[in-house]
**Q** 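Please find one structure pasted underneath; my questions will follow.
If you read the sequence from its start, that first residue is 1, and numbering goes on from there. Values reported hereafter were calculated over all heavy atoms of this structure, with side chains retained and with hydrogens, waters and symmetry mates removed.
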Amino acid sequence: MIYGIILAGGKGTRMGTAIPKQYLNLKEKPIIIWTIDTFLKSKLFNVIYLAVNDNWKNHSIELLKKYYTFRETTKIRICSSNCNNRTISLADAIDTIIKENGMKIDDIVISHDAVRPFVSYDILNDCIFQTEKTQVALAAVLSSETVYISESEGILTKSFNRNKCYIGQSPLGCKLNLLYRILHSYSTDELRNVTAVSQLFINRNIDVKMSYGEDTNFKITTPKDLAFAEFYVENIIGVK
């Protein structure tokens with residue numbers, strides 16, 4: 001089985017809106033619907049899990065009813081929790097998958113941020129392919145900028161070879177049994193403090209294979225990002 005998980009439980013405080021950013025409209029439909037559209041149309045997944053906050057579960061259900069047919073929604077399952085943390089939401093979703101479907105050695109999970117609405121078929125497909133070959137894969141792109149570290153306030157103390165620096169995106173793919181084991185090897189507090197799921201594997205000395213990423217697969221976090229996304233939709237994709 002290949003499971004898709006769309007992580008949509010965050011508050012999106014940096015957007016500065018009362019509504020979590022994944023539910024904000026991007027042109028004619030909410031950001032989260034753009035992301036679900038690509039997952040559904042790809043036909044790569046047996047089941048798609050939508051991980052949401054309890055407070056937005058009913059709203060998410062209504063959105064599915066509005067934008068999809070009954071037949072389409074049979075492939076989507078909502079799992080909710082009272083947590084706004086992405087990593088803990090992922091752990092909850094994994095527990096739900098195993099509870100509902102069991103766990104087989106060749107099961108794969110592809111998790112993706114709901115607020116990366118321009119993920120493509122090629123990105124999803126290659127993440128699955130690389131995960132099948134290895135155990136863990138993450139979409140990434142080569143950095144176009146020089147990356148620095150500041151170990152002293154206001155001072156750039158170290159730089160890295162730009163040709164070896166990559167920007168991590170999502171999706172992240174993993175064998176279900178490994179992801180379950182890794183997530184449960186950390187305490188709740190440790191999971192809460194993780195800024196990227198890939199760190200969970202790197203911290204355990206497990207290689208993370210790079211899969212295909214695209215510059216257009218950017219994350220909508222701030223009003224500036226949303227404005228650029230609207231420009232991209234209207235001028236590149238061609239939706240007025």
Side-chain angles (χ1 to χ4, degrees), residues 5-39 50-53 55-56 59-60 63 66-67 83-90 110-124 127 138-150 153-160 162-163 165-172 192-199 210-240:
I5 299 178
I6 297 175
L7 299 172
K11 287 183 177 180
T13 53
R14 284 177 286 180
M15 186 62 71
T17 57
I19 301 174
K21 57 191 175 186
Q22 57 270 27
Y23 298 107
L24 294 174
N25 274 353
L26 174 56
K27 289 300 179 182
E28 83 281 12
K29 57 189 177 184
I31 293 170
I32 191 173
I33 297 300
W34 285 86
T35 307
I36 295 172
D37 279 353
T38 302
F39 269 65
L50 197 59
V52 304
N53 184 272
N55 295 328
W56 290 88
H59 183 71
S60 300
L63 285 179
K66 178 179 179 180
Y67 286 96
C83 179
N84 296 305
N85 180 275
R86 177 175 52 182
T87 311
I88 296 177
S89 293
L90 175 60
I110 304 295
S111 67
H112 185 67
D113 294 330
V115 289
R116 290 184 186 270
F118 305 124
V119 63
S120 67
Y121 173 90
D122 289 340
I123 291 175
L124 294 173
C127 192
L138 177 71
V141 293
L142 187 66
S143 175
S144 60
E145 305 284 352
T146 302
V147 178
Y148 296 88
I149 284 181
S150 175
E153 186 175 352
I155 303 296
L156 299 176
T157 55
K158 186 183 297 184
S159 65
F160 297 93
R162 186 170 63 189
N163 294 324
C165 291
Y166 287 78
I167 306 299
Q169 301 181 335
S170 74
L172 177 136
R192 188 174 287 112
N193 291 321
V194 168
T195 57
V197 177
S198 56
Q199 293 173 355
M210 284 190 292
S211 63
Y212 175 67
E214 297 172 354
D215 290 334
T216 52
N217 182 33
F218 60 88
K219 187 175 182 180
I220 299 176
T221 302
T222 66
K224 182 179 178 180
D225 298 329
L226 182 57
F228 182 76
E230 290 174 344
F231 174 86
Y232 179 79
V233 168
E234 184 170 330
N235 293 277
I236 307 299
I237 298 179
V239 177
K240 300 297 182 181

**Q** Taking only residues two or more places apart in sequence, or in another chain, which ones meet Tyr232 in a ring pair (Phe, Tyr, Trp, His ring centres under 6.0 Å)?
**A** Phe118

**Q** Within this structure, what is the CG-OG distance for the pair Leu156 and Ser150, rounded to the nearest 0.5 Å?
**A** 6.0 Å

**Q** What I want to find out is whether Lys27 reaches Glu234 closely enough, with some N-O distance under 4.0 Å, to be called a salt bridge.
**A** yes

**Q** Could you report the tightest heavy-atom contact between Ile220 and Pro117, atom names first, then the distance?
**A** CD1-CG, 3.7 Å

**Q** Search all heavy atoms of Ile5 against all heavy atoms of Leu90 and return the closest pair with its distance.
**A** CD1-CD1, 3.8 Å

**Q** Search all heavy atoms of Ala139 against all heavy atoms of Gly213 and return the closest pair with its distance.
**A** CB-CA, 4.3 Å

**Q** For Phe160, give me all partners under side-chain contact (heavy atoms from CB on, under 4.5 Å), at least two apart in sequence or on another chain.
**A** Val147, Ile149, Lys158, Cys165

**Q** To the nearest 0.5 Å, how far apart are CD1 in Ile123 and OG in Ser211?
**A** 8.5 Å

**Q** Please identify each residue that fulfils ring pair (Phe, Tyr, Trp, His ring centres under 6.0 Å) with Tyr67, with sequence neighbours left out.
**A** none

**Q** Run the side-chain contact (heavy atoms from CB on, under 4.5 Å) test against Ile36 and tell me which residues pass, sequence neighbours left out.
**A** Ile6, Ile32, Ile33, Leu40, Leu50, Leu64, Tyr68, Ile76

**Q** Looking at Ala114, is its backbone amide N or carbonyl O close enough to the side chain of Gln22 to form a donor-acceptor pair, meaning the two atoms are under 3.5 Å apart?
**A** no

**Q** Let's go through Phe39 and Leu124 carefully: what are the C-alpha distance in whole Å and the side-chain angles of both, what is the deciding distance for side-chain contact (heavy atoms from CB on, under 4.5 Å) to 0.1 Å, and is it a yes or a no?
**A** CA-CA 8 Å; Phe39 269 65; Leu124 294 173; 3.8 Å; yes

**Q** Could you go through Tyr23 and Leu63, starting from their C-alpha distance and side-chain angles, then the distance that decides it, and tell me whether this counts as side-chain contact (heavy atoms from CB on, under 4.5 Å)?
**A** CA-CA 9 Å; Tyr23 298 107; Leu63 285 179; 3.7 Å; yes

**Q** Strictly by salt bridge (charged side-chain N to carboxylate O under 4.0 Å, His left out), give each pair with a member in residues 111-122 just once, sequence neighbours left out.
**A** Arg86-Asp113, Asp113-Arg116

**Q** Please name all residues satisfying side chain to side chain donor-acceptor pair (under 3.5 Å) with Thr87, sequence neighbours left out, ordered by chain then number.
**A** none

**Q** With sequence neighbours excluded, tell me which residues meet side chain to side chain donor-acceptor pair (under 3.5 Å) with Thr157.
**A** Glu151

**Q** Should the heavy atoms of other residues, nucleotides or ligands under 6.0 Å from CG of Asn25 be counted, would the total exceed 12?
**A** yes

**Q** Would you check, one step at a time, whether the test side-chain contact (heavy atoms from CB on, under 4.5 Å) holds for Leu7 with His112?
**A** CA-CA 6 Å; Leu7 299 172; His112 185 67; over 6 Å; no

**Q** Give the intermediate values and the outcome of side-chain contact (heavy atoms from CB on, under 4.5 Å) for residues Val233 and Leu26.
**A** CA-CA 8 Å; Val233 168; Leu26 174 56; 4.1 Å; yes

**Q** How would you list, by chain and number, every residue that makes a side chain to side chain donor-acceptor pair (under 3.5 Å) with Asn55, sequence neighbours excluded?
**A** Asn53

**Q** Under a 3.5 Å distance rule, please check whether Asn235 uses its side chain to pair with a backbone N or O of Phe231 as donor and acceptor.
**A** yes

**Q** Could you state the interatomic distance from CG (Asn163) to OG (Ser143), rounded to the nearest 0.5 Å?
**A** 10.0 Å

**Q** Among residues at least two apart in sequence or on other chains, which ones pass side-chain contact (heavy atoms from CB on, under 4.5 Å) with Arg192?
**A** Asn85, Ile88, Thr188, Asp189

**Q** What are the two closest non-hydrogen atoms of Leu172 and Cys127, and how far apart are they?
**A** C-SG, 3.9 Å

**Q** Testing the basics here: between Ile110 and Pro171, what is the closest heavy-atom pair and its distance to 0.1 Å?
**A** CG2-CB, 3.5 Å

**Q** My understanding is that only residues two or more places apart in sequence, or in another chain, count here; which of them pass side-chain contact (heavy atoms from CB on, under 4.5 Å) with Ala196?
**A** Ser198, Gln199

**Q** Sequence neighbours excluded, which residues qualify as salt bridge (Lys or Arg N to Asp or Glu O under 4.0 Å) partners of Lys29?
**A** Asp37

**Q** Got a sec, which residues hit side chain to side chain donor-acceptor pair (under 3.5 Å) with Glu214, two or more places apart in sequence or on another chain?
**A** Ser120, Tyr212, Thr216

**Q** Please round to the nearest 0.5 Å and tell me the distance separating atom CE of Met15 and atom OG1 of Thr221.
**A** 7.0 Å

**Q** With a 4.5 Å heavy-atom cut-off, do Asp225 and Lys219 have their side chains touching?
**A** no

